[in-house]
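Because the structure is a prediction, the values reported are computed rather than measured. Position 1 is the first residue of the sequence, and the numbers go up from there.
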Amino acid sequence: MELAREISDYLGIGLGEATVTRFCDGETHVKIEENVRGVDVFVIQPTCHPVNENLMELLIMIDALKRASARRITAVIPYYGYARQDRKTRAREPITAKLVADILTASGANRVVTMDLHAGQIQGFFNIPVDHLPGVPILAQYFLDTMQDRPRDLVVVSPDLGGVTRARDLAERIAAPIAIVEKRRPEPNVAEVTNIIGPIKGRRAIVVDDIIDTGGTVAQGAEALKEWGAEEVYVCCTHPVLSGPAVARLEAAPIKEVVVLNTIPVPPEKRIAKLRVLSVAPLLGEAIIRIHEDLSVSKLFD
């Protein structure tokens with residue numbers, strides 16, 4: 001609700017009237033409290049924890065809008081739950097990200113807007129248009145604004161080989177070199193840093209990732225960067241999942257600041273002193289305007 005209000009304030013319009021309740025047996029009930037016939041509707045719902053309840057609320061609301069004759073329904077999903085289940089890694093596993101895409105389409109969504117999918121190929125799981133918005137421009141602007149005093153001693157760090165493209169994008173936007181943390185996994189859920197490729201010593205390192213879940217990857221990466229001579233370590237990401245021991249790990253790690261976006265609501269008990277939350281409301285608001293007026297969304301990032 002907080003993000004939806006920010007977006008509606010940015011657009012200068014009120015939130016649509018709707019009621020979401022639970023029956024005694026736990027079933028979700030949605031009632032649209034105003035006329036939506038022929039209207040262009042944008043439903044804002046990150047499918048974060050509790051992921052199954054949030055997903056069902058979204059699906060049921062889309063169905064209610066479709067049956068109320070809305071002209072077009074766009075699902076604005078800042079955080080796409082189940083995105084990490086995007087392929088089969090062992091026998092008899094599901095590809096749940098594809099299943100969610102199919103269900104969203106079947107429910108009546110005409111379009112999807114999302115941010116920083118864990119795997120870009122998820123866009124191809126849909127048979128409807130998907131606008132995939134990056135969070136890096138918001139993060140880059142923050143670091144440009146706050147680190148103007150010593151811009152030449154920055155280095156952007158990818159915590160693994162898979163995040164190099166994202167790190168390179170941020171590095172280009174703030175005119176900094178890039179470094180990569182090289183790891184090996186001797187057993188499942190265990191990672192060891194074996195090497196860091198790139199200029200680290202005496203620099204302020206900015207570790208960038210799409211998700212911080214349990215915080216193990218960034219905490220371990222920060223410790224390794226300090227051992228390799230980094231002066232300060234900053235961490236940033238688009239989606240602050242922050243599950244389990246994440247907050248405790250971030251508190252204990254040698255990290256000066258953790259910068260995240262509000263694609264997922266961060267409850268007060270997780271807002272530690274070193275956590276900085278930036279809003280995606282202006283970005284999503286601009287995307288909504290452009291979709292409604294049939295303009296190019298990609299122009300936002302030129």
Side-chain angles (χ1 to χ4, degrees), residues 3 6-7 10 78-80 83 113-123 130-182 196-212 217-218 221-222 225 230-240 255-264 274-290 295-302:
L3 177 57
E6 285 186 45
I7 294 172
Y10 181 86
Y79 172 70
Y80 186 88
V113 177
T114 189
M115 291 191 66
D116 274 340
L117 290 169
H118 187 68
Q121 66 265 24
I122 293 174
Q123 294 175 83
V130 176
D131 291 298
H132 186 205
L133 310 180
V136 164
I138 301 173
L139 298 170
Q141 191 59 54
Y142 174 78
F143 288 113
L144 286 172
D145 292 341
T146 58
M147 295 190 171
Q148 293 177 339
D149 56 330
R150 290 157 52 200
R152 294 188 178 181
D153 70 349
L154 297 176
V155 60
V156 176
V157 181
S158 173
D160 50 41
L161 295 173
V164 171
T165 301
R166 185 179 302 103
R168 186 178 292 115
D169 186 13
L170 178 59
E172 289 175 353
R173 290 176 183 273
I174 65 174
I178 185 174
I180 304 167
V181 176
E182 192 176 12
I196 297 178
I197 305 164
I200 295 296
K201 194 168 184 178
R203 291 178 176 265
R204 292 181 291 176
I206 302 172
V207 182
V208 59
D209 211 343
D210 61 332
I211 296 171
I212 297 178
T217 297
V218 293
L225 288 166
E231 182 181 330
E232 293 175 344
V233 178
Y234 298 79
V235 170
C236 63
C237 79
T238 302
H239 307 300
I255 299 171
K256 187 172 180 65
E257 189 175 38
V258 182
V259 184
V260 302
L261 306 183
N262 64 342
T263 57
I264 295 173
K274 63 174 70 174
L275 186 70
R276 171 78 172 177
V277 182
L278 308 178
S279 179
V280 298
L283 174 62
L284 291 176
E286 285 295 329
I288 287 171
I289 290 170
R290 289 176 174 273
L295 301 175
S296 171
V297 174
S298 62
K299 291 285 186 182
L300 280 170
F301 308 103
D302 286 352

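Atom-to-atom distance recorded for D169:CG and I174:CD1 is 10.5 Å, nearest 0.5 angstrom. To the nearest 0.5 Å, the span separating CG on L284 from CG on L3 amounts to 6.0 Å. Atoms CG and CD1, on L283 and I138 in that order, are 4.5 Å from each other to the nearest 0.5 Å. Interatomic distance, NE2 of H118 versus OH of Y79, reported as 9.0 Å (0.5 Å rounding). To the nearest 0.5 Å, atoms CZ (R276) and CG (L139) are separated by 12.0 Å. Atoms CD1 and CG, from I196 and L225 in turn, are 4.5 Å apart once rounded to the nearest 0.5 Å.
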query: Could you go step by step and tell me if D145 and Q141 meet the side chain to side chain contact (heavy atoms under 4.5 Å, CB included) rule?
result: CA-CA 6 Å; D145 292 341; Q141 191 59 54; 3.0 Å; yes
message: Run the side chain to side chain contact (heavy atoms under 4.5 Å, CB included) test on L275 and V277 for me, step by step, so that the C-alpha distance in whole Å, both residues' side-chain angles and the decisive distance to 0.1 Å come before the verdict.
response: CA-CA 7 Å; L275 186 70; V277 182; 4.2 Å; yes
Test side chain to side chain contact (heavy atoms under 4.5 Å, CB included) applied to V218 and V233, step by step: CA-CA 10 Å; V218 293; V233 178; over 6 Å; no
task: Could you check M147 against I206 for side chain to side chain contact (heavy atoms under 4.5 Å, CB included), going step by step and ending with a plain yes or no?
output: CA-CA 11 Å; M147 295 190 171; I206 302 172; 4.2 Å; yes
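Scanning all heavy atoms of the two residues, the minimum distance from E257 to Y142 falls at OE2-OH, 2.8 Å. When all heavy atoms of S279 and N262 are compared, the closest pair comes out as CA-OD1, 3.2 Å. Contact record, R203 with D153: CB-O, 3.1 Å, taken as the closest heavy-atom pair. Across all non-hydrogen atoms, the minimal contact from P199 to I178 is CD-O, 3.9 Å. Of all non-hydrogen atoms in I212 and C237, the two that sit nearest each other are CG1-SG, 3.6 Å. Taking each heavy atom of E182 and I197 in turn, the nearest pair found is OE1-CD1, 4.0 Å.
Between the H239 side chain and the M115 main chain, a donor and an acceptor come within less than 3.5 Å of each other. Not a single donor-acceptor pair under 3.5 Å links the side chain of H132 to the backbone N or O of I122. Of the possible polar contacts, one joining the D160 side chain to the G163 backbone as a donor-acceptor pair under 3.5 Å is found. Of the possible polar contacts, none joining the D210 side chain to the T238 backbone as a donor-acceptor pair under 3.5 Å is found. Looking only at distances, no side-chain donor or acceptor of R204 sits under 3.5 Å from a matching main-chain atom of L154. With Q123 contributing its side chain and G120 its backbone, the two residues share a donor-acceptor pair below 3.5 Å.
For the pair R166 and S158, the minimum side-chain heavy-atom distance is 4.5 Å or more.
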